[in-house]
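A short write-up of the structure that comes next.
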Amino acid sequence: MTNGYVNRDRRWHPAALTPDYKTSVARGPRQAPLSFPTTLVEETGPVFGHEMLGRHDNDLIVNFATGDGMAIGPRIIVHGQLRDEFGRGVPNTLIEVWQANAGGRYRHKKESYLAPLDPNFGGCGRCMTDAQGFYEFRTIMPGPYPWPNTMNDWRPAHIHFSIFGQAFAQRLITQMYFEGDPLIWRCPIVDTIPTREGIESLVAPLDMARTVPMDARAYKFDITLRGRRQTLFENRMEGL
């Protein structure tokens, strides 16, 4: 523990430099990482409120659509619980997601994949966790896509997650994959994760209990953040 936070287990995360994932060669740091103590800013912010969210922010099927339009593709629900490392739900936390459309294409000006854009799909959304840390999105199943790592590498279907936690020290950016996708085990990015257990923690299982009949499949993705030993109290500013 340092300043009330649990240290990251760097054996669990990918190494910064993994040559089979070619862009890591240019992006990987060339010096050893430095550790700094947290300050009040990292331990108390950011703060988000439900009032900043729009009605359909967590519904990617309609939040970019015009008129009565809806996104094209298999409809799915992604849900789960955000927890700290002690298994406690983390409430009132902003979760943002972004993804490719059903054809595997992002709505980005530098996108080079030739799959068509969906005029009713923007590919991003957000929500706040509830009082017990639960969240839910409605979206479409993203498609796999090729990427120029080697001559024939394909990314498995995935959704990107950004979670702010209750302080900057809890910020997490990760990717969620889907149970049964054979491309997971062929992806050089996934292969940077050092253990099978770590990879499987990013694979959301099909959750038939939460499907909507004749409408949408459901996938369950629970997320664990670095947590605090206790809340920062105003009369104990060190938070310990």
Side-chain angles (χ1 to χ4, degrees), residues 1-38 42 78 80-90 93 95-100 104 106 133 135 141-207 219-229:
M1 301 285 289
T2 58
N3 287 11
Y5 292 97
V6 172
N7 284 322
R8 287 186 175 90
D9 182 353
R10 296 193 178 275
R11 298 170 299 176
W12 182 255
H13 297 282
L17 176 61
T18 50
D20 287 342
Y21 176 17
K22 290 188 175 179
T23 57
S24 76
V25 175
R27 297 187 306 190
R30 290 174 169 78
Q31 303 294 330
L34 300 176
S35 178
F36 292 92
T38 58
E42 288 85 27
V78 178
Q81 186 182 31
L82 183 66
R83 304 165 179 162
D84 67 18
E85 83 283 3
F86 303 115
R88 302 173 297 196
V90 182
T93 297
I95 299 181
E96 298 175 313
V97 296
W98 63 100
Q99 64 172 87
Y106 288 97
Y135 74 92
M141 175 67 79
Y145 57 84
W147 60 297
N149 187 62
T150 66
M151 289 297 294
N152 192 27
D153 280 328
W154 288 73
R155 296 295 340 270
H158 61 279
I159 297 177
H160 299 264
F161 276 73
S162 167
I163 302 100
F164 278 93
Q166 295 184 331
F168 284 115
Q170 292 177 318
R171 180 77 189 282
L172 172 70
I173 298 176
T174 191
Q175 298 181 22
M176 184 202 89
Y177 303 97
F178 295 88
E179 179 184 23
D181 187 344
L183 288 174
I184 294 171
W185 309 103
R186 297 174 178 269
C187 177
I189 293 179
V190 174
D191 197 46
T192 65
I193 300 170
T195 65
R196 187 179 181 93
E197 182 184 8
I199 295 172
E200 290 177 345
S201 73
L202 301 179
V203 179
L206 181 67
D207 184 0
Y219 290 86
K220 189 172 189 292
F221 187 51
D222 293 328
I223 304 165
T224 301
L225 297 175
R226 295 171 69 193
R228 298 184 61 85
R229 281 189 287 181

Go through Tyr21 and Asp191 one step at a time and tell me if the side chain to side chain contact (heavy atoms under 4.5 Å, CB included) criterion holds. CA-CA 9 Å; Tyr21 176 17; Asp191 197 46; over 6 Å; no
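- The CE atom of Met176 sits 9.0 Å away from the CD1 atom of Ile223 when rounded to the nearest 0.5 Å.
- The side-chain heavy atoms of Ile189 and Arg155, taken from C-beta on, include a pair separated by under 4.5 Å.
- Of all non-hydrogen atoms in Phe161 and Val78, the two that sit nearest each other are CZ-CG1, 4.1 Å.
- Atom CG of Leu225 sits about 4.5 Å away from atom CG of Leu82, to the nearest 0.5 Å.
- Smallest separation of non-hydrogen atoms from Gln175 and Phe221: O-CZ, 4.3 Å.
- We find the CZ-CZ distance between Arg88 and Arg83 to be 13.0 Å, quoted to the nearest 0.5 Å.
- In this structure, Thr192 OG1 and Leu17 CG are separated by 11.0 Å, a value rounded to the nearest 0.5 Å.
- Not one N or O on the side chain of Asn149 forms a donor-acceptor pair closer than 3.5 Å with the backbone of Asp153.
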The test is side chain to side chain donor-acceptor pair (under 3.5 Å); show your working for Arg171 and Ser162 and say whether it passes. CA-CA 8 Å; Arg171 180 77 189 282; Ser162 167; 2.8 Å; yes
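- Using a 4.0 Å cut-off between charged nitrogen and carboxylate oxygen, Asp222 and Lys220 count as a salt-bridge pair.
- Between the Asp181 side chain and the Ala157 main chain, a donor and an acceptor come within less than 3.5 Å of each other.
- Counting all heavy atoms, side chain and backbone alike, Pro188 lies closest to Trp147 at CD-CZ2, 3.8 Å.
- Side-chain atoms of Thr224 and Asp84, non-hydrogen and from C-beta on, never get closer than 4.5 Å to each other.
- Between Ile173 atom CD1 and Phe164 atom CZ the span is 7.5 Å, to the nearest 0.5 Å.
- A perpendicular orientation is assigned to the rings of Tyr219 and Phe178, their planes being inclined by more than 60° (bins at 30° and 60°).
- Closest of all the heavy-atom pairs between Pro19 and Val25 is CA-CG2, 3.9 Å.
- Summarising the geometry, atom OG1 belonging to Thr174 is positioned 12.0 Å from atom CD1 belonging to Ile159; distances are rounded to the nearest 0.5 Å.
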So Glu200 and Tyr177, side chain to side chain contact (heavy atoms under 4.5 Å, CB included) or not? Walk me through it. CA-CA 9 Å; Glu200 290 177 345; Tyr177 303 97; over 6 Å; no
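- Taking every heavy atom of both residues into account, Ser201 and Gly198 meet most closely at OG-O, 2.6 Å.
- Ring-plane geometry between Trp98 and His160 is classed as parallel, the angle between the planes falling under 30 degrees on a 0 to 90 degree scale with a further cut at 60.
- Using a distance-only test at 3.5 Å, with no hydrogens or angles considered, a donor-acceptor pair links the side chain of Ser24 to the main chain of Thr18.
- Nearest approach of Cys187 to Trp154, heavy atoms of both residues: CB-O, 4.3 Å.
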